Protein chains: 2
Amino acid sequence: MARMVAERADAIAPLAEVFREHGYEGASLALIGKATGLGKGSLYHFFPNGKEEMVRAVLGEIGQWFEDAVYSPLRNESDVNGAIRAMLASTDQYFRSGRRVCLVGALAVANTRDLFAQAIRGYFVAWVDALQSALIRQGREADQSRLLAEEAVLAIQGAIILSRAMDDPAVFQRAIDQLRGRLVIENDTSNYEGTTDVSPQNEGRLV
Amino acid sequence: MARMVAERADAIAPLAEVFREHGYEGASLALIGKATGLGKGSLYHFFPNGKEEMVRAVLGEIGQWFEDAVYSPLRNESDVNGAIRAMLASTDQYFRSGRRVCLVGALAVANTRDLFAQAIRGYFVAWVDALQSALIRQGREADQSRLLAEEAVLAIQGAIILSRAMDDPAVFQRAIDQLRGRLVIENDTSNYEGTTDVSPQNEGRLV
DNA sequence: ACGAGATTGTACCGATCGGTAAACAGATTA
DNA sequence: TAATCTGTTTACCGATCGGTACAATCTCGT
């Protein structure tokens, strides 16, 4: 059943990386080929519509990962504060404390925004909605939860930019810490240690 | 003394616009020529080092504008709350409530970051420093002021991304309103009206 | 009017762009 | 074995890329 040769799915992670690092227009087929180890023929065999289809595949994978790892717990987890803490920890790891760019955010400011507008919007709407749901279940008022959820999501995006501009991951981690203070309602006595940075070896994982 | 023909300075604003809209690599010389009305000959006459020199000129102009309109008042204005309010109003207008991308922020996440790393860093460091100075003069503690200043600057960057992703300038304006609530220490009775959106006609101004 | 310097238009360069076509190879199934 | 589906290689396409060269034009002080 499983094939010996490369599968389409194996190309998604390298594709995500090369689009993150070089953007949509900056990621040439030569770079893509190098990153995936696939020639043009194979690439167009897996993605007949070229780069656009590759990005859509990557966006789908990213959306699925966030759905499973972040949105769904925020919406369904009974331990709301735990889900929020998990969101912050996952985010910190996923974006490598700001060293890794958010592809969706980068696409949102590029001139290619219109091509993927729906996917970009969906990514952020789902995030804000899920976080708002969690904040409401904390007992907060709906409007305030909406505002706070928006603030949190945009703070993460801004933290990526600022920490990259400063070339200082501590900026990102301070932002995450601040968010934890504003989002989590403290009522337990457990001593939760702060930002958990990811170890540098497994840089290829997490989509 | 003043020449009849186009000057180098006249090209800066169109250059800024085209780099904002298309990024560094995406802004081809054809697009640049169209935006500035200058042929390659003139372009390379004014900017012998090509696109890199054009971007540096734009970054210099942007930095100067922010220095005069934002940083300097934050550092020197005796009416601290007024300077902060002015910063938020200027920012809202400059970025057209999130419809206009921040070139510096966009460069910070692009793969060309290293080329302009120093200018990018300087832009954000000056902003955070100036805002911290204002917050300290409000009577806040230095460390808290630093954190809050960082939060404010990254929130503006994140607000641009989120409002563009949502295609909704109201997201940006809500973020500005939230920032005003967190940054300005209310002690007067004057009724200050909220976010002031810029009129859509004069889109070419402000660098 | 003249020469000098500033500005511009145009042709051109090699390299690379995204994408296509088709021959080819490997495994699978009948 | 023959046919088929899947995947890979390679050569190639026209268009555009950033950049250069240089002649032509313009402006201005003398």
Side-chain angles (χ1 to χ4, degrees), chain A residues 1-59 103 106-107 110-116 119, chain B residues 1-59 103 106-107 110-116 119:
Chain A
M1 200 73 68
R3 323 205 96 247
M4 229 62 246
V5 289
E7 300 182 24
R8 193 186 119 118
D10 298 334
I12 303 289
L15 282 176
E17 206 58 29
V18 74
F19 281 120
R20 253 190 289 265
E21 289 176 1
H22 299 275
Y24 180 69
E25 304 190 88
S28 68
L29 287 180
L31 281 172
I32 294 173
K34 201 167 301 182
T36 58
L38 264 32
K40 289 187 182 184
S42 302
L43 287 171
Y44 274 83
H45 176 68
F46 290 132
F47 308 96
N49 283 346
K51 296 211 295 178
E52 178 178 338
E53 186 169 354
M54 299 179 203
V55 169
R56 292 197 189 281
V58 167
L59 289 178
L103 175 60
L107 288 175
N111 61 327
T112 50
R113 170 181 64 143
D114 299 17
L115 245 183
F116 311 105
Chain B
M1 200 71 70
R3 322 209 95 245
M4 227 69 250
V5 290
E7 300 181 23
R8 192 187 119 119
D10 299 334
I12 304 288
L15 281 176
E17 206 58 29
V18 73
F19 281 121
R20 253 189 290 265
E21 290 176 359
H22 299 275
Y24 181 69
E25 304 191 87
S28 68
L29 286 180
L31 282 172
I32 293 172
K34 199 166 303 180
T36 58
L38 265 32
K40 289 187 179 183
S42 304
L43 254 14
Y44 274 84
H45 174 68
F46 290 133
F47 308 95
N49 283 344
K51 298 212 292 178
E52 178 177 339
E53 187 170 353
M54 301 179 203
V55 169
R56 292 198 189 281
V58 168
L59 289 179
L103 175 60
L107 288 175
N111 60 327
T112 49
R113 173 181 62 144
D114 299 17
L115 245 183
F116 311 106

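Chain letters run A, B, ... following the sequence lines, proteins first and then strands; every chain starts at 1. As a basis for the values below, the full set of heavy atoms in this structure was taken, side chains included, without hydrogen atoms, waters or symmetry mates. The model shown is predicted, which means the values in this text are computed figures rather than measured ones.
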**Student:** So which atom in Ala27(B) and which in Ile32(B) form the shortest heavy-atom distance, rounded to 0.1 Å?
**Tutor:** O-CD1, 3.7 Å
**Student:** Which pairs, with at least one residue in residues 8-29 of chain A and sequence neighbours excluded, count as a ring-ring contact (aromatic ring centres under 6.0 Å, His included)?
**Tutor:** Tyr24(A)-Phe116(A)
**Student:** Can you pull out the residues from residues 40-53 of chain B that lie within a 4.0 Å heavy-atom distance of DNA chain C?
**Tutor:** Gly41(B), Ser42(B), His45(B), Phe46(B)
**Student:** Could you tell me the separation between the CD atom of Glu7(B) and the C1' atom of dT8(C), rounded to a whole number of Å?
**Tutor:** 16 Å
**Student:** What residues from residues 24-38 of chain A pass a heavy-atom cutoff of under 4.0 Å to DNA chain C?
**Tutor:** Ala27(A), Ser28(A), Leu29(A), Ala30(A)
**Student:** Using a 4.5 Å cut-off on heavy atoms from C-beta on, say whether the side chain of Asn111(B) contacts that of Glu25(B).
**Tutor:** yes
**Student:** Taking only residues two or more places apart in sequence, or in another chain, which ones meet Ala57(A) in a side chain to side chain contact (heavy atoms under 4.5 Å, CB included)?
**Tutor:** Arg8(A), Ile12(A), Phe47(A)
**Student:** Side chain to side chain contact (heavy atoms under 4.5 Å, CB included) for Val55(B) and Thr112(B)? Distances and angles first, verdict last.
**Tutor:** CA-CA 11 Å; Val55(B) 169; Thr112(B) 49; over 6 Å; no
**Student:** Hey, what do you get for CG (Leu15(A)) to CG (Leu43(A)), rounding to the nearest 0.5 Å?
**Tutor:** 7.0 Å
**Student:** Tell me which pairs pass side-chain hydrogen bond (donor to acceptor under 3.5 Å, both in side chains) where either residue lies in residues 32-59 of chain B, with sequence neighbours left out.
**Tutor:** Glu52(B)-Arg56(B)
**Student:** Residues in ring pair (Phe, Tyr, Trp, His ring centres under 6.0 Å) with Phe46(A), at least two apart?
**Tutor:** none
